Colleague: 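Below is a structure I'd like to ask you about.
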Protein chains: 2
Amino acid sequence: MAKPAGKDRTEAGEVRKRLLAAATDLFASKGYAATTVREIVARAGVTKPALYYYFHSKEGIYLHLMREPLRGFLSHIGSVLSGGGTARERLARLCLCAYDDFVMNLPLARVMYSIYYGPPQGAPFVDFDAAQRQFQDSITRVLEEGIRRGEFRGGNASDMMWAVVGAVNVAMELELCRPSQSVGRKGIERMLEILFGGIARRKGEAKGKGKRA
Amino acid sequence: MAKPAGKDRTEAGEVRKRLLAAATDLFASKGYAATTVREIVARAGVTKPALYYYFHSKEGIYLHLMREPLRGFLSHIGSVLSGGGTARERLARLCLCAYDDFVMNLPLARVMYSIYYGPPQGAPFVDFDAAQRQFQDSITRVLEEGIRRGEFRGGNASDMMWAVVGAVNVAMELELCRPSQSVGRKGIERMLEILFGGIARRKGEAKGKGKRA
DNA sequence: GTCTATATTGAGATAGAC
DNA sequence: GTCTATCTCAATATAGAC
């Protein structure tokens with residue numbers, strides 16, 4: 001057989017993935033410092049040398065954990081930026097892309113928040129701000145493009161960017177901390193619609209205009 | 001002298017405040033679990049029994065730390081809600097009030113974020129979500145009022161609320177994590193203006209309309 | 001090598017003098 | 001109200017049996 005799918009035959013990269021998943025869950029629930037290599041390998045159902053073979057150290061597995069999805073995120077952003085469509089469409093795609101990546105990696109997001117906001121845990125440095133900045137720059141660029149093309153009103157693109165980022169962050173943090181109240185992708189789209197159209201009733205506009213709730 | 005101001009004379013409540021400030025700073029920088037009672041009293045320049053006299057325990061000082069400002073925040077919100085003005089004015093006051101409280105208690109905010117997002121640290125439970133919910137409810141109420149009065153367009157008040165909360169959160173988190181990029185109160189006001197007026201250019205509107213950047 | 005029993009440390013908390 | 005001195009306890013480190 002060219003593609004052995006039996007369960008007794010360990011797939012290539014299978015152990016590696018199990019180790020990453022185990023580490024993510026443990027880092028998320030107990031924190032980086034409190035998680036021992038022993039626990040990671042136990043949960044992954046492998047032995048210590050396996051972890052050291054693939055990742056060299058606890059720090060190593062942590063860095064792999066962080067960097068791979070971060071790189072993925074940045075590359076997705078790049079794809080969206082180079083795609084076509086109106087500024088508004090591109091902006092929505094950018095936000096939804098970020099949200100999707102976040103939701104697809106919720107346990108990892110938990111680790112990131114825990115490291116970013118939590119107490120020092122001796123974890124090696126990862127430049128979260130750089131990724132965040134890149135996301136913000138992308139949004140700003142699309143906004144400026146929209147203004148230049150006359151698709152958006154003039155104004156401070158930086159302020160618009162923060163408002164957009166705020167909406168996306170809210171959706172992410174709801175998913176992370178209060179999933180029962182999560183607004184989801186649709187929620188992001190509705191918030192963007194509000195951002196584009198405004199909350200205030202316009203002069204002469206029929207009362208009750210806008211999307212009915 | 002009726003009001004002794006000398007330095008050798010300990011003011012009433014002075015020790016208490018110093019203990020609270022010391023605990024806040026240490027919890028913020030090292031985390032709750034890693035901070036010892038000894039460090040707190042050392043930084044406050046007093047001895048252990050003083051802490052136990054005022055706060056009964058390490059958990060006690062933590063709870064005082066959290067609850068007093070939270071109560072203050074909720075009471076400020078209440079005042080704003082009972083105040084007058086248009087819905088838009090009230091909404092702005094609500095957001096700025098929350099932001100001011102946050103900025104006035106930055107070190108405490110750091111502790112809250114650390115506890116909320118960080119790894120388990122054995123700190124006693126504080127219901128941050130309840131305060132957050134109350135803030136959200138207040139905003140929602142003002143938004144619904146604005147819609148009812150025809151000041152705002154119809155629409156989903158909940159979505160509008162999240163957009164507003166997102167803007168306020170962004171301003172807070174910038175202040176917390178990247179103060180150099182902070183947008184400040186003015187930034188919140190500008191974001192609200194964007195939320196009210198919308199980003200999209202309106203049909204027939206002169207290009208470049210809106211506040212010039 | 002692994003395991004368990006014991007020492008040591010350092011934490012939170014207290015009693016009683018002043 | 002504050003301090004000196006002390007207590008209790010749990011986690012950690014270590015040592016010695018197996």
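The structure displayed is predicted, hence computed values, not measured ones. A note on names: the letters A, B, ... follow the listed sequences, proteins ahead of strands, and every chain is numbered from 1.
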Colleague: Can you label the angle between the Phe27(B) ring and the Tyr62(B) ring as parallel, tilted or perpendicular, going by 30° and 60°?
Modeller: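 The arrangement is perpendicular - the two ring planes meet at more than 60°.
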
Colleague: Less than 4.5 Å apart, side chain to side chain, heavy atoms only: is that true for Val170(A) and Met161(B)?
Modeller: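 No, side chains not in contact.
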
Colleague: What is the separation between atom CD on Glu14(B) and atom P on dT2(D), rounded to the nearest whole Å?
Modeller: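 Answer to the nearest Å: 10 Å.
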
Colleague: Using a 6.0 Å cut-off, check whether atom CZ of Arg93(A) has over 12 heavy atoms from anything other than its own residue.
Modeller: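 Yes, the 6.0 Å shell around CZ holds more than 12 heavy atoms from other groups.
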
Colleague: Is there a donor-acceptor pair closer than 3.5 Å between any side-chain N or O of Lys30(A) and the backbone N or O of Thr36(A)?
Modeller: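 Between the backbone of Thr36(A) and the side chain of Lys30(A) there is no qualifying donor-acceptor contact (under 3.5 Å).
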
Colleague: So, OP1 or OP2 of dT2(D): does either fall under 4.0 Å of a side-chain N or O from Tyr53(B)?
Modeller: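 No.
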
Colleague: Rounded to the nearest Å, what distance is computed from the CZ atom of residue Phe55(B) to the P atom of nucleotide dG12(C)?
Modeller: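 So the two atoms are 16 Å apart, to the nearest Å.
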
Colleague: Nearest-Å distance, CG (Leu19(B)) to P (dG1(D))?
Modeller: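 Spelled out: CG on Leu19(B) to P on dG1(D) is 14 Å.
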
Colleague: Would you say Tyr52(B) places a side-chain N or O within less than 4.0 Å of OP1 or OP2 belonging to dA13(C)?
Modeller: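 Affirmative; the distance criterion is met.
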
Colleague: How close or far is atom C1' of dG12(C) from atom CD1 of Ile40(B), stated in whole angstroms?
Modeller: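 So the two atoms are 11 Å apart, to the nearest Å.
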
Colleague: For Tyr54(B) and for Lys48(B), find the nucleotide of DNA chain D with the closest heavy atom, then tell me which residue's nucleotide is more 5'.
Modeller: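 Nearer the 5' end of the strand: Tyr54(B).
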
Colleague: Check every atom of dA13(C), dA11(C), dT4(D) against the side chain of Thr36(B) and return the nucleotide holding the closest atom.
Modeller: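 So the nucleotide nearest the side chain must be dA11(C).
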
Colleague: Quick one: the side chain of Arg38(B) and the base of dG12(C), do they pair up donor-acceptor inside 3.5 Å?
Modeller: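 Answer is yes: a donor-acceptor pair is held.
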
Colleague: Between dA11(C) atom P and Leu51(B) atom CG, what is the distance in whole Å?
Modeller: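 Taking CG of Leu51(B) and P of dA11(C), I get 15 Å after rounding.
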
Colleague: Using atom CD of Gln121(B) as one end and atom P of dG12(C) as the other, report the distance to the nearest whole Å.
Modeller: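 It works out to 13 Å between those atoms.
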
Colleague: May I have the distance from Glu59(B) (atom CD) to dA13(C) (atom C1'), rounded to whole angstrom?
Modeller: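 Going from CD in Glu59(B) over to C1' in dA13(C) covers 12 Å.
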
